[in-house]
Amino acid sequence: MTAAVLNFKSHLSDLFVQALCTVAPEQVVPVLLERPKQVQHGDYACNLAMQLAKPLKRSPRSIAQALIDALPASGVVEKVEIAGAGFINVFLTVAAKQSVVPGVLQAGEHYGHIQLGAGRRVQVEFVSANPTGPLHVGHGRGAAYGASLSNVLDAAGYKVSREYYVNDAGRQMDILALSTWLRYLDLHAIQVPFPPNAYQGDYVRDMARQIHVAHRARYVHTAAEVLQGVPAVEENADTHLDALIANAKKLLGEDYAYIHNHALTEQLGDGRHDLAEFGVHFDEWFSEQSLFDSGLVAQVVARLKEGGHLYEQDGAQWFRSTAFGDEKDRVVQRENGLYTYFASDIAYHLNKFGRGFDRMINVWGADHHGYIARVNGALTALGLDSGRLDIALVQFAVLYRGGQKAAMSTRSGEFVTLRELRNEVGNDATRLFYVLRKSDQHLDFDMDLAKSQSNENPVYYLQYAHARICSVLQQWEGDVAALRQADVGVLQSDYERTLLQHLIDYPQVIESAAEDLSPHLIAFYLKDLAADFHSYYNASRFLVEDEGLKFARLALIAAVAQVMRNGLALLGVSAPEKM
RNA sequence: GUGCCCGUAGCUCAACUGGAUAGAGCACCAGCCUUCUAAGCUGGGGGUUACAGGUUCGAUUCCUGUCGGGCACGCCA
């Protein structure tokens with residue numbers, strides 16, 4: 001086994017580059033190799049000749065012939081043909097393709113790991129939901145996507161850091177603290193009308209009860225005090241809420257921080273636990289508040305001001321983001337002196353850039369798309385290369401249950417939580433369904449389908465292929481590790497050739513998924529691989545009399561099982577040995 | 001109204017970033033279990049890629065327009 005065996009595409013690509021240098025050294029054309037859809041078009045097709053036709057003013061087919069003549073010899077190439085308008089079709093030798101089987105078995109769980117990232121450090125920031133309540137199904141998609149993407153980048157040779165940005169500063173957290181306190185007062189029969197735009201969920205009452213149990217009546221104040229000077233909710237719900245928050249801070253003094261922190265700790269802990277059960281882990285939980293505590297937010301605003309990127313209007317500080325292609329300028333510091341979320345976000349990104357990542361990927365909900373221009377603008381204004389930052393937008397997921405859209409109202413507290421979804425359909429199905437679509441496509445999540453234990457459910461289709469192989473290997477009762485020594489020369493059938501080619505493609509799929517930030521490609525690949533295995537299974541027997549044939553076939557399906565395991569692991573889906 | 005994304009089989013989605021005859025699953029029809037898991041397999045019907053132009057050897061893919069859908073347009077986070 002040589003290094004080239006596991007990397008046919010780049011090997012062939014090198015050959016074509018050499019041929020190109022001979023035929024048309026002055027032409028700068030990228031060499032693209034594709035897997036043709038039709039088997040008669042060979043294993044790889046190259047359209048180089050057609051791209052050169054115009055600049056060289058020659059017919060594509062004559063250029064193709066010249067390229068073929070100039071192509072260096074290679075042990076893995078069976079033959080090269082000109083086809084159609086000028087495609088160059090390359091056929092690999094059977095032996096070369098067969099060698100993937102021992103290659104996979106040798107590499108084991110590392111098969112598919114490539115050096116695309118070359119050890120470069122990449123940070124993936126995802127989920128980053130406000131810790132103001134349970135994660136819902138929208139966060140779930142970001143979590144599944146971010147986690148799978150991180151795994152793919154890891155397999156592609158990047159050194160990945162997974163980060164959750166905790167919005168522990170700002171008004172939303174104050175609203176949660178207030179909501180908790182009001183529910184607590186309710187337990188002490190203090191009647192204060194609960195604001196409609198406060199957090200309604202039952203989890204708020206739970207936290208109130210915890211505080212009540214731990215500290216009894218310590219935080220009780222009269223309704224009159226709480227409502228002192230608070231404008232009517234009918235006038236303006238937001239000012240009503242803010243006045244209540246102000247009163248809470250005033251009445252509770254240092255105790256306000258306790259309630260605030262209790263709510264934060266509870267919700268963050270709950271989210272962390274939820275995500276861990278979902279197989280989603282983070283290396284870093286970055287606190288927004290720490291940016292204020294360290295003074296970085298103030299510093300970054302000062303830096304922008306020094307650079308002449310800020311101006312004052314109506315008492316507020318505006319960042320001139322229109323100078324960087326944004327639609328309008330944005331406020332970084334409000335009239336009341338408070339910094340906006342945008343300001344702390346600039347500070348956060350400055351901090352990120354300072355941590356020395358070669359590349360950063362933010363996974364955001366698609367509703368944040370209008371936010372990209374201003375963040376890039378701010379980074380550019382700070383003299384940072386915004387090209388190191390990628391924003392991956394993830395579209396919404398809509399749940400369907402019994403053919404009906406499931407209700408998704410945050411205000412009423414009537415939303416389906418990620419936990420409920422996981423409990424109802426299981427972690428495996430949830431993880432897979434979330435990445436079964438391109439992330440920039442809307443996702444219709446059919447809960448009935450995800451739950452169904454039937455042939456309609458793609459989760460079982462994948463897992464079943466793996467379990468079937470394990471079952472066969474178990475009944476064989478031989479030494480699986482010895483299969484890597486199998487003589488695979490007898491693997492000649494159409495089914496076997498198809499499977500061999502699929503196994504060869506796997507590293508290429510990792511590369512595409514990493515380059516396009518598209519873990520769904522792994523899911524599609526696994527579906528294809530499973531389909532080809534199931535066909536093979538129905539058409540052939542593995543535990544046959546002929547020892548050589550049996551050994552070769554078992555080696556092949558063991559390799560298929562290995563790739564299924566590797567791929568499912570990237571998606572966070574288990575690969576059961578029995579079903 | 002302005003900006004971004006999208007429109008592919010009855011339904012849910014692919015199509016290797018401009019390639020060869022646009023592919024899967026579900027649903028529908030007809031078959032395959034005394035032999036390794038039928039949660040599987042085999043075959044069949046189903047398309048003017050929303051519509052109209054344009055660019056070129058070649059367009060689902062790129063450009064323009066129209067129609068239809070989603071999202072965003074706060075001194076919120």
Side-chain angles (χ1 to χ4, degrees), chain A residues 32-38 40-41 45 47 50-51 53-54 59-60 83-87 89 130 132 167 169-173 175 238 288 313-318 326-328 330-342 344-345 365-373 393 395-396 398 400 403 436-438 440-446 449 452-465 467-476 505 508-509 511-512 515-516 520-521 524-525 527-528 530-531 533-544 553-554 557 578-579:
Chain A
L32 292 175
L33 286 166
E34 290 176 328
R35 294 284 333 281
K37 289 167 192 161
Q38 320 263 330
Q40 63 266 32
H41 293 146
N47 65 356
M50 287 180 288
Q51 291 185 59
K54 199 161 196 180
S59 81
F87 288 99
N89 293 335
N130 283 341
T132 52
N167 297 119
R171 184 163 176 263
Q172 295 305 318
M173 274 310 301
I175 296 173
D238 278 328
E288 179 190 7
Q313 186 180 309
D314 303 329
Q317 292 292 326
W318 294 72
D326 199 4
E327 294 168 10
K328 53 169 290 192
R330 313 287 174 175
V331 171
V332 290
Q333 189 172 18
R334 286 185 264 165
E335 189 182 7
N336 61 12
L338 293 178
Y339 295 107
T340 60
Y341 177 82
F342 180 41
S344 55
D345 222 19
D367 55 332
H368 282 65
H369 69 77
Y371 204 73
I372 299 174
L393 292 181
Q395 288 286 350
F396 294 147
V398 180
Y400 283 84
L436 222 42
R437 299 278 174 272
K438 279 199 299 203
D440 60 1
Q441 292 280 355
H442 288 271
L443 170 67
D444 289 333
F445 197 120
D446 186 336
L449 178 58
S452 71
Q453 305 221 342
S454 74
N455 57 343
E456 300 170 31
N457 194 330
V459 181
Y460 293 106
Y461 191 78
L462 301 185
Q463 295 181 326
Y464 187 48
R468 267 183 151 177
I469 295 170
C470 291
S471 173
V472 172
L473 291 174
Q474 203 170 8
Q475 287 171 59
W476 169 55
D505 287 340
Q508 200 61 51
V509 174
E511 183 176 324
S512 299
E515 283 178 340
D516 298 346
H520 76 278
L521 292 174
F524 282 101
Y525 168 82
K527 274 165 76 174
D528 285 344
F533 167 73
H534 285 309
S535 293
Y536 183 40
Y537 182 95
N538 275 272
S540 326
R541 285 193 60 78
F542 310 119
L543 300 175
V544 291
R553 287 181 173 171
L554 289 175
I557 65 171
K578 250 186 221 164
M579 288 175 68

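Naming convention: chains lettered A, B, ... in sequence-line order (proteins, then strands); numbering from 1 in each chain.
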Atom-pair distance ([atom1] on [X]; [atom2] on [N]), nearest Å:
| X | N | atom1 | atom2 | value |
| --- | --- | --- | --- | --- |
| Asn538(A) | G40(B) | CG | P | 10 Å |
| Lys37(A) | G58(B) | NZ | C1' | 13 Å |
| Tyr341(A) | C75(B) | OH | C1' | 17 Å |
| Gln333(A) | C75(B) | CD | P | 14 Å |
| Ile557(A) | U37(B) | CD1 | C1' | 12 Å |
| Asp444(A) | G70(B) | CG | C1' | 12 Å |
| Lys527(A) | G23(B) | NZ | P | 17 Å |
| Ile469(A) | G40(B) | CD1 | P | 15 Å |

Within the structure, does a side-chain N or O atom of [X] lie under 4.0 Å from either OP1 or OP2 of [N]?
| X | N | result |
| --- | --- | --- |
| Arg330(A) | A77(B) | no |
| Lys54(A) | U55(B) | no |
| Ser535(A) | G40(B) | no |
| Arg468(A) | A38(B) | yes |
| Ser471(A) | C36(B) | no |
| Tyr339(A) | A77(B) | no |

Look at the side chain of His369(A) against the base of C71(B) and say whether a donor-acceptor pair falls under 3.5 Å; ignore hydrogens and angles.
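Check passes, donor-acceptor contact within cut-off.
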
Taking N and O atoms by type only, does the side chain of Asn89(A) place a donor or acceptor under 3.5 Å from a partner on the base of A20(B)?
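Such a pair is found, so the answer is yes.
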
Between [N] and [M], how far apart are the two [atom1] atoms, rounded to whole Å?
| N | M | atom1 | answer |
| --- | --- | --- | --- |
| A9(B) | U61(B) | P | 15 Å |
| G19(B) | A52(B) | C1' | 25 Å |
| G68(B) | G54(B) | P | 24 Å |
| C71(B) | U55(B) | P | 37 Å |
| A15(B) | G47(B) | C1' | 15 Å |
| C13(B) | U34(B) | P | 40 Å |
| C75(B) | U66(B) | C1' | 40 Å |
| U60(B) | G18(B) | C1' | 11 Å |

Test the Arg468(A)-Tyr537(A) pair against the cation-pi criterion, namely NZ or CZ under 6.0 angstrom from the six-membered ring centroid and within 45° of the ring axis.
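Yes - Arg468(A) lies over the ring of Tyr537(A), closer than 6.0 Å to its centre and within 45° of its axis.
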
For U17(B), glycosidic torsion class - syn if within 90° of 0, otherwise anti
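For U17(B), whose glycosidic angle is within 90° of 0, the conformation is syn.
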
Glycosidic conformation of C33(B), taking syn as within 90° of 0 and anti otherwise
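Judged by the O4'-C1' to base torsion, C33(B) sits in syn, the angle falling within 90° of 0.
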
Let's go through Thr340(A) and Arg334(A) carefully: what are the C-alpha distance in whole Å and the side-chain angles of both, what is the deciding distance for side chain to side chain contact (heavy atoms under 4.5 Å, CB included) to 0.1 Å, and is it a yes or a no?
CA-CA 7 Å; Thr340(A) 60; Arg334(A) 286 185 264 165; 3.9 Å; yes

Please name the nucleotide paired to [N] by Watson-Crick or G-U wobble geometry with both distances under 3.5 Å, or report none.
| N | answer |
| --- | --- |
| C73(B) | G1(B) |
| C32(B) | G40(B) |
| U56(B) | none |
| G25(B) | C11(B) |

Evaluate the criterion salt bridge (charged side-chain N to carboxylate O under 4.0 Å, His left out) for residue pair Lys438(A) and Asp516(A); output intermediate values, then yes/no.
CA-CA 10 Å; Lys438(A) 279 199 299 203; Asp516(A) 298 346; over 6 Å; no

Between Ser540(A) and Tyr371(A), who's closer to the 5' end of RNA chain B by nearest nucleotide?
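Nearest nucleotide further toward 5': that of Ser540(A).
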
Identify, between Thr340(A) and Gln441(A), the residue whose nearest nucleotide on RNA chain B lies closer to the 5' end.
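Of the two residues, Gln441(A) wins.
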
Plane angle bin for Phe542(A) and Phe533(A) - parallel if under 30°, tilted between 30 and 60°, otherwise perpendicular:
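Judged by the thresholds at 30° and 60°, the geometry between Phe533(A) and Phe542(A) is parallel.
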
When you compare the side chain of Lys527(A) with that of Leu462(A), does any pair of heavy atoms fall below 4.5 Å?
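Counting from C-beta outward, Leu462(A) and Lys527(A) do come under 4.5 Å.
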
Tell me, do Gln395(A) and Leu443(A) make a side-chain contact under 4.5 Å, heavy atoms counted?
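They are not in side-chain contact.
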
Would you mind telling me which of A39(B), U12(B), U17(B) lies closest to the side-chain atoms of Arg437(A)?
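That would be U12(B).
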
Candidate nucleotides A77(B), C57(B), U37(B), ranked by approach to the side chain of Met579(A) - the nearest:
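Of A77(B), C57(B), U37(B), U37(B) is nearest to the side chain of Met579(A).
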
Within the structure shown, what part of the strands sits under 4.0 Å from Ala169(A) by heavy-atom distance: base, sugar-phosphate, or nothing?
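Contact class for Ala169(A): sugar-phosphate only.
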
Using a strict cut-off of less than 4.0 Å between a Lys/Arg side-chain nitrogen and an Asp/Glu carboxylate oxygen, indicate whether Asp238(A) and Arg171(A) qualify as a salt bridge.
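Salt bridge flag = yes for Arg171(A) with Asp238(A).
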
